[in-house]
Amino acid sequence: MQAIDPDFLPISGFVLPRFAGIPTFMRLPHVPLEDARIDQVDIGLVGVPWDGGTTNRAGARHGPRAVRDATTMVRQLNQATGVMPFHLARCADLGDVAINPASIDDTLKRITSFYRELTKRNITPMTIGGDHLTSLPVLRAVAEKGPVGMIHFDSHTDFYDSYFGGFKYTHGTPFRRSVEEGLLDPKRVVQIGLRGSAYDGEDVEFARSNGVRLVFIEELQERGVRPVMEEACSIVGRQPTYLSFDIDGVDPAQAPGTGTPEIGGFSTFQAQQMLRHLGEVDLVAADFVELSPPFDVGGITAWAGANIVFEILCVLAQSARRRVK
Ligand code: MN
Ligand code: MN
């Protein structure tokens, strides 16, 4: 892997003002799968404009476009960690998966086959959703060779069995399916930020009895970020790990643009601090989901999301850098 590849750097704000130009994720080059440069890409940012798994207020299908716009404001150096992700890995905007808004089954297949094209080429995927059901078809490609661990930020477990009388595929069920399908090793799964009223607690019971570590918001606030994240890192260990970030983990005062808000969440600053602990984890893929621009207020959730995606990209690039291509 080359240290700095000028062909894969974001357009600098010194060259073209950051409010100008055609927005791609982080102002990176747009490299669709059929582009010859695809084989050079280390980290592919992929939009999944889909909210077919949403059971409550929809709109996450508009997430990728809002994040593309907001990430044009992000610069290149993480001043807190010193990481420059675009110098560690060749990153590109791979465009959006051509989902089918009229069919869940068809869309699940389309997403998995898109991500198989990436894993085939050793491209580390950074997904921008989309609702949280998106994680399932991505994991079907990413965990094809065996179960992975997961660090998951959310106010919900997404471990429910089914909705509406036995319907198995919603944004409240992706990780139940992932455990059943052998995509996740539940003993290497940590969920952080859980809270709010629940249907019946069946999701928590399933997760606990399978060995998932659940960190409710009360514990996070009482113990603080550092000990919780140190424990999370030791649980996932050095084995391949997925990172999933649901924007509704952030307090809705700072991130109102989401379908299922829950008060009493962690702050954007805590989100940044938590993510910065993951530099040593072997992250094989990550997603950022549940941003619903129609519920946003003045773009503050998109702006939070853009910076959270940047933090994720920093640790993902550290990970990709350690893997020999
Ligand atoms: Mn979720
Ligand atoms: Mn959630």
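Each ligand, and each atom within it, is numbered from 1 in the order the structure gives. Just so you know, these numbers come straight off a predicted model, no measurement behind them. Hydrogens, waters and symmetry mates are skipped; everything else that's a heavy atom, side chains included, is used.
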Between H132 and S244, is a side-chain hydrogen bond (donor to acceptor under 3.5 Å, both in side chains) present by the stated rule, with each step listed? CA-CA 9 Å; H132 222 151; S244 190; 2.7 Å; yes
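Aromatic ring pairs are classed by plane angle as parallel below 30°, tilted from 30° to 60° and perpendicular above 60°; the pair F266 and F245 is perpendicular.
R195 forms no cation-pi arrangement with F216, by the criterion of a distance under 6.0 Å to the ring centre and an angle within 45° of the ring axis.
Alongside Y163, the hydrophobic cluster contains Y160, F164, Y199 (criterion: ILVMFWY side chains under 4.5 Å).
By the side-chain hydrogen bond (donor to acceptor under 3.5 Å, both in side chains) test, E218 is found to be paired with no residue, residues two or more places apart in sequence or in another chain being considered.
Neighbouring protein atoms of the Mn ion (ligand 1) (N, O or S, distance under 2.8 Å, waters ignored): H132 ND1, D154 OD2, D158 OD2, D246 OD2.
Within the structure, salt bridge (charged side-chain N to carboxylate O under 4.0 Å, His left out) contacts touching residues 62-84 (residues at least two apart or in different chains) are R68-D93, R68-D96.
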